[in-house]
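Written below as structure tokens is the structure these notes are about.
In what follows, every heavy atom counts, from backbone to side chain, and hydrogens, waters and symmetry copies are set aside.
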Amino acid sequence: MPKGTIKINNPPPQPIIGPPPKSQKYKGVKHTIMVMSGKGGVGKSTVSVNLAVTLANQSLKTGLIDADINGPDDPKMLGADNEKLYAQGDKILPVKTRYGVDLVSMGFILPTEDTAVIWRGALRHKAIQQFLEDVMWGERDYVIIDMPPGTGDEALSVSQLIDADGVVIVVTPQDIALLDAKKAINFANQLKVPVLGIVENMSGFICPHCGQTVDIFKRGGGEKAAEAYGVPFLGRIPLVAELVEKSDQGIPAVVYSEEMRKIFDEIARKVREQVEKKPHSGTDSSM
């Protein structure tokens, strides 16, 4: 059997020059929420899209940034996958969706939906910077940022460019959710971004035939993670077959399901209570 010790080279020491200056161009947005996950496949985009639509349904001017450069799913989930981005002067116009949410996404720029984005970190940072600074957001109550999985370049770029009001972390119900949540929480803590809470997605499968709930992925991992790390637990979202089908058709769950609407109304209420009760930290148009 092969034997040996694996050594990872340490990067050369870097001079401490402080964080980069915050953006002076991301104006008019009162509150910005990042939706993150410690890994992929947990339904982060589902939470982002439905949270954004819920806020729009509450008569709040809402924008959505699909910051997942490699897998921009939000246009399809909002029934806008055939749209393109256009410019007005030196500003990008976000796509207006039928659900009251204005959206920017890499999916509107790629020539085909199966085009691979093969970019290094600098290009990813520039794309995120343009989504924040070069889009004509106008006066906006909320912008939700659907982050890619993990804590990589895109999440770091957002945190360096703007003072986000907080992070919503999406996990699945297994006990391993503790590990996944810990990464995102540590990321937020190091960058001094408030953790608004944890959402447990895929929390029980509802049988379309008998209506009974089966805990395929166990239950309670998200709530345990919230308790363990002292952050709010925002709610559980069940796994419903119709949700997958409707999402593929560009119809968010809160549009057709009364149960989903109630769940996301409660999640939105808890998020808004935290964000709107604290001193204003968003980017004001008077900057």
Atom pairs and distances, side-chain donor-acceptor, residues 246-255, under 3.5 Å, sequence neighbours left out:
| residue | atom | partner | partner atom | Å |
| --- | --- | --- | --- | --- |
| Ser247 | OG | Leu243 | O | 2.8 |

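- Side chain of Glu133 to backbone of Lys25: no donor-acceptor contact under 3.5 angstrom is found.
- Lys96 NZ: 12 or fewer foreign heavy atoms inside a 6.0 Å radius.
- Side chain of Arg98 to backbone of Gly79: a donor-acceptor contact under 3.5 angstrom is found.
- Taking 4.5 Å as the limit, every side-chain heavy atom of Leu161 sits out of range of all side-chain heavy atoms of Tyr26.
- In this structure, Gln58 and Asp265 have side chains that are in contact, with non-hydrogen atoms separated by less than 4.5 Å.
- The environment of CD in Gln88 is sparse: at most 12 heavy-atom neighbours from other residues, nucleotides or ligands sit within 6.0 Å.
- In this structure a side-chain-to-backbone donor-acceptor pair under 3.5 Å is missing from Asp66 to Val104.
- Between Met77 and Ser45 there is a side-chain heavy-atom pair separated by less than 4.5 Å.
- With a 6.0 Å radius and a threshold of 12 heavy atoms from other residues, nucleotides or ligands, Lys270 has its NZ atom above the threshold.
- Applying the ring pair (Phe, Tyr, Trp, His ring centres under 6.0 Å) definition to pairs two or more places apart or across chains, those involving residues 142-192 are His31-Tyr142.
- The shortest side-chain heavy-atom distance between Val275 and Lys30 does not fall under the 4.5 Å cut-off.
- Proximity of a side-chain donor or acceptor of Asn201 to a complementary backbone N or O of Val42 within less than 3.5 Å is detected.
- Side chains of Ile162 and Val29 form no contact here, defined as non-hydrogen atoms less than 4.5 Å apart.
- The main-chain N or O of Ile33 is never found under 3.5 Å from a side-chain atom of Asp165 such that the two would form a donor-acceptor pair.
- In this structure, the side chains of Val158 and Met147 come closer than 4.5 Å at one or more pairs of heavy atoms.
- Side-chain contact between Tyr229 and Lys182 is present, with at least one heavy-atom pair separated by less than 4.5 Å.
- Residues Asp68 and Asp73 fail the side-chain proximity criterion, which asks for heavy atoms closer than 4.5 Å.
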